[in-house]
Amino acid sequence: MRSGHYKESVPSLIVLSDSTAVWVWGGILVLAMAMAPYFLNAYLLSFLVLILITGTGALGLHVLTGCTGLISLGHVGFLLLGAYAYAVPVAKFGAPPLIGFLSAGVVPALVSIVVGVPSLRLKGLYLAITTLAFAFIISHVVLSMSWLTNGARGLPVMRPELLGIDFESDARFAHLCLVVAVATLFAVLNIQRSRVGRAFVAVRDNDIAARTMGINLQAYKLRAFMTSAFISGIAGALFGIYLSFVSVEGFPFLMSIEALAILIVGGLGSTAGVVLGTVLIVLLPEVARIALGMLGPQAEMLFSTAAHELRTVLYGLVIILFLRFEPRGLVGVWRDVKRLWVNWPLRH
Amino acid sequence: MSALLEIQGATKAFRGLVAVSDVSLSVERGEVCSVIGPNGAGKTTLFNLISGVLRPTSGRIVFDGKDMGRVPSHRFAAHGIGRTFQNLALFKHATVVENLLVGCHTSLRSGVFAGAVFFGRARREEIAAREQVEEIVEFLEIEELREKVVGTLSYGQQKRVELGRALACRPKLLLLDEMVSGMNQEETEDIARFILDIRDDYGISVLMIEHNMRIVMDISDRVHVLHFGQKIAEGAPAEIGRDDTVAAAYLGPATAKHPRRLADANR
Ligand SMILES: Nc1ncnc2c1ncn2[C@@H]1O[C@H](COP(=O)(O)OP(=O)(O)OP(=O)(O)O)[C@@H](O)[C@H]1O
Ligand SMILES: [Mg+2]
């Protein structure tokens, strides 16, 4: 336990978690997900893959909106850019997939400077609107550059072969997504416990004090944009591969809302919240579909004909409900439950 | 050697209002100086000029022999200017230790990638920073607050954390804006002791804005008095206590004949 009264060695104070339980349960969870492809049917496996990809993308937005406090509706723009930055070199020019993934991170990171610089002086609603415009400009540009992107026809992409490993099968592809998601999670957690991550939080909580501590506000906001875009781009590439087809239609604006909903439902600013929020938001439409199915075949029909609209309504609804009743998000609930458990009579 | 801080004819005007008007003052190395003056006298504005939060309309700020006019605001910390704020400016969703670690920002190097990997140099520098923070935590006697989220602490505790954060910048000059306002007698005495230790043990010069005359009279080497943006007096605490213009500024001209009351002005 960390406590003020015992003097411990300093290296032990900067570990990611000093709780053995966290490491053990985390390990079990990852192991379970690694084994899952061999037990789940294709339909259920697709949910696992979706959770992993969406979670990776949400971690990207988390760096920008959760940590640095820069609200962005442009998330889908970075996902789309990442997907095309992968698909164009790999599917059109036959580049190795590893190069594709590199470009899926680097291209959005560079483009994020273009939206980042005009956003430096903007806050709140104005920033939201600017990034919203950015998302639509990106899809417009992609459509108009059809000599490179095939325009509205899109680009088919295959499952990749990386470092001599073929990720063609569903199970292997799930493993690839798992590796990327876990690596991203660790990277984000590490950033948060180091200089740059603390600077992000400082910029979010009090920019004048942050500057007085020696933090260059513009530079760090840009760094947040670039880091976020890099991670989101990788997630976008994975999503494109998952769809086996990269097109503007495959990346609806709703994905920006979905990622914001994940952050709010999980608890804004919390990395554990991103994980919890992702699971809830990805599964929510399916749960709603099953619930509607119980109301009879007509209701289920509605779901298949208006799935996109229903998802829009659902995300909006959970955002409002959480902001109204539990602004701390699922991590807040989790902490309450834990406190209750620890303080239960006769437990200590 | 020249003075650590030299303000030469600094003026700051907000539209029509001249908040600081042609103020010159200096802080020598190893000094504890106070800035006093009635509400709205321009004390905080003066601090904002010294710490780069605001730029003077005219005049110069020379720190450690360097004209700060062309130094970007975020570089003031690296030059050795640390400060606290009158109305708490902590990172309130972060823990005490995290707040202090932000104070170490300028003495660390690692970027996004090194931080994400958290290995080798990045890890070593984090350990070194944490060691420094632990030292400050012990110095300020806030061991049991280490992992607390700052927003949950009491006002007095938050003030202490802000002091710690400013110390973590390893400043040459520490600017304290009304450090003890709202504190009880005991907390005030703790802070007075810390300020003297900061000067004596760490060799940091201190410039503080205070309304509490006890602490001003007890621990400052020199006092500067501001009134309506102008500097109206400067001297040792005892001299200032006897100064008629100062008493007039605080209490109005009618009571200037009883200057000894100055010490009770804010009771
Ligand atoms: N950013 C600003 N814009 C406009 N006016 C300002 C600004 N900052 C300060 N002022 C004005 O400048 C004057 C001096 O303010 P300042 O905060 O420096 O006073 P102070 O001496 O610190 O007072 P107090 O003892 O109440 O803290 C006040 O009239 C204030 O309203
Ligand atoms: Mg003030």
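This structure is a prediction, so every number in the text was calculated from the model and none was measured. Each chain gets a letter, A, B and so on, in the order the sequences are listed, and its residues count up from 1.
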Ring pair (Phe, Tyr, Trp, His ring centres under 6.0 Å) between B:His105 and A:Tyr220, intermediate numbers included: CA-CA 12 Å; B:His105 186 83; A:Tyr220 276 88; 5.3 Å; yes
Other residues, nucleotides, ligands: >12 heavy atoms within 6.0 Å of B:Arg170 CZ: no
Closest contact, heavy atoms only, A:Leu13 versus B:Glu134: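 Closest approach of A:Leu13 to B:Glu134, heavy atoms only: CD1-OE2, 3.8 Å.
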Neighbour count above 12 (heavy atom, 6.0 Å) for B:Tyr155 OH: yes
Chain B contact via A:Ala219 - which portion, at a heavy-atom distance below 4.5 Å: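 Neither the backbone nor the side chain of A:Ala219 comes within 4.5 Å of chain B.
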Over all atoms of both residues, closest heavy-atom pair of A:Ser194 and B:Gly115: OG-CA, 3.4 Å
Inter-residue atom distance A:Asn190.CG - B:Glu126.CD, 0.5 Å rounding: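 One gets 10.0 Å once the value is rounded to the nearest 0.5 Å.
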Side chains of A:Ile215 and B:His74 in contact at under 4.5 Å (non-hydrogen atoms): no
Neighbour count >12 (heavy atoms, 6.0 Å) for atom CD1, A:Ile113: yes
Option that, when pairs with chain A are counted at under 4.5 Å, heavy atom only, ranks first among B:Thr106, B:Leu108, B:Asn99: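 Among B:Thr106, B:Leu108, B:Asn99, the one with the most close pairs to chain A is B:Leu108.
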Engaged part of B:Leu90 at the chain A interface, taking heavy atoms whose separation is under 4.5 Å: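 The answer is the backbone of B:Leu90.
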Nearest-0.5 Å distance that lies between atom CZ in B:Phe76 and atom CZ in A:Arg211: 9.5 Å
Residue part contacting chain A, namely of B:Val133, when any heavy atom lies under 4.5 Å: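 For B:Val133, no heavy atom lies under 4.5 Å from chain A.
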Min side-chain heavy-atom separation B:Ile81-A:Thr212 under 4.5 Å: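 In short, these two side chains do not touch, never coming nearer than 4.5 Å.
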B:Arg193, CZ atom: more than 12 neighbouring heavy atoms under 6.0 Å: yes
Greatest number of heavy atom pairs closer than 4.5 Å to chain A - which of B:His79, B:Arg123, B:Arg109, B:Glu162: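 The candidate making the most pairs under 4.5 Å is B:Arg109.
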Flag if over 12 foreign heavy atoms under 6.0 Å of CZ, A:Arg328: yes
A:Gln192 side, atom CD; B:Glu98 side, atom CD - distance, nearest 0.5 Å: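 Between atom CD of A:Gln192 and atom CD of B:Glu98 there are 9.0 Å.
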Under 4.5 Å from any heavy atom of chain A - which part of B:Phe85: side chain
Selection from B:Ala114, B:Ala94, B:Ala77, B:Cys169 maximising heavy-atom pairs under 4.5 Å formed with chain A: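 Answer, by heavy-atom pair count under 4.5 Å with chain A: B:Ala77.
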Top contributor to chain A interface from B:Arg165, B:Lys92, B:Arg75 [non-hydrogen pairs under 4.5 Å]: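 The answer is B:Arg165.
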Interatomic spacing from CZ in A:Phe230 to CZ in B:Phe113 - rounded to 0.5 Å: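 It comes to 8.5 Å.
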OG on B:Ser110 to CZ on A:Arg195, rounded to 0.5 Å: 6.0 Å
Structural part of A:Arg204 lying under 4.5 Å from a heavy atom of chain B: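 For A:Arg204, the contact with chain B is made by the side chain alone.
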Side chain to side chain, B:Val112 and A:Ile191, heavy atoms closer than 4.5 Å: yes
